[in-house]
Amino acid sequence: MRSVAALSTELTCTYRYSMYQKVTPVSLDSVSLSANDLRIAQRIQYVVAKVMTTHAGLPELEVLRVLNRQFLGMGIAPDVRRTQELAEIISQLPKSG
């Protein structure tokens, strides 16, 4: 298992034309998070980074559907409001391909 410091580093996603977008890191405070919470945070980061690279710049509704499907596929019950915020942000990013 990786250390908390390694988990809290920022993810970067490569876009066309060698442009990098920073993914906001999830706070992984070891005092307040259990091992299960850390695994969930990793899954959320993974899904968001994956959707950012494949669906940036697409309509918000399509991004929202993909996020929900990916979260459920990873065993995460998504928070509707937070998922909508993420979909809005990802849809405003420049197209990745």
Side-chain angles (χ1 to χ4, degrees):
M1 186 169 160
R2 294 187 295 171
S3 69
V4 173
L7 294 175
S8 63
T9 58
E10 290 183 282
L11 298 173
T12 56
C13 301
T14 307
Y15 288 94
R16 200 165 93 182
Y17 307 116
S18 300
M19 187 168 70
Y20 291 95
Q21 296 290 328
K22 300 255 182 192
V23 177
T24 305
V26 175
S27 175
L28 302 173
D29 182 8
S30 62
V31 175
S32 62
L33 295 180
S34 67
N36 189 46
D37 291 338
L38 289 172
R39 283 190 290 275
I40 291 171
Q42 281 181 307
R43 291 176 184 178
I44 291 171
Q45 280 187 325
Y46 174 78
V47 168
V48 171
K50 182 178 175 183
V51 173
M52 283 179 68
T53 59
T54 59
H55 291 79
L58 296 179
E60 185 177 339
L61 186 58
E62 184 176 342
V63 174
L64 182 61
R65 286 183 187 145
V66 172
L67 279 172
N68 281 324
R69 195 171 353 149
Q70 293 289 324
F71 282 144
L72 292 174
M74 295 291 279
I76 300 169
D79 174 26
V80 175
R81 186 180 62 177
R82 183 65 179 140
T83 305
Q84 288 173 341
E85 291 172 1
L86 288 169
E88 181 182 352
I89 292 167
I90 292 171
S91 69
Q92 293 174 1
L93 293 172
K95 289 191 179 191
S96 60

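For this chain, numbers begin at 1 and follow the sequence in order.
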*Atom CD1 in Ile89, atom CE in Met52: separation rounded to 0.5 Å?*
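Rounded to the nearest 0.5 Å, the CD1-CE separation comes to 9.0 Å.
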
*Look up atom OG1 in Thr83 and atom CG in Asn68, then write down how far apart they are to the nearest 0.5 Å.*
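One finds 5.5 Å between OG1 of Thr83 and CG of Asn68.
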
Minimum heavy-atom separation for [X] to [Y], with atom names?
| X | Y | result |
| --- | --- | --- |
| Pro59 | Ser91 | C-CB, 4.2 Å |
| Val63 | His55 | CG2-O, 3.6 Å |
| Pro94 | Ala56 | O-CB, 3.3 Å |

*According to a 4.5 Å side-chain heavy-atom criterion applied to Ile, Leu, Val, Met, Phe, Trp and Tyr, with indirect links allowed, do Val66 and Leu64 form part of one hydrophobic cluster?*
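No, Val66 does not connect to Leu64 through the hydrophobic network.
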
*When hydrophobic residues are tied together by side-chain contacts of less than 4.5 Å, even through go-betweens, does Leu72 share a cluster with Leu86?*
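Per the 4.5 Å side-chain linkage, Leu72 and Leu86 are not co-clustered.
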
_Going by the rule salt bridge (Lys or Arg N to Asp or Glu O under 4.0 Å), which residues pair with Arg82 if we only count those two or more places apart in sequence or in a different chain?_
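For Arg82, the residues satisfying salt bridge (Lys or Arg N to Asp or Glu O under 4.0 Å) (neighbours in sequence not counted) are Glu85.
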
*Any pair with a residue in residues 57-81 that passes salt bridge (charged side-chain N to carboxylate O under 4.0 Å, His left out), sequence neighbours left out, goes on the list, sorted by first then second residue, please.*
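Applying salt bridge (charged side-chain N to carboxylate O under 4.0 Å, His left out) to every pair that reaches into residues 57-81, excluding sequence neighbours, yields nothing.
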
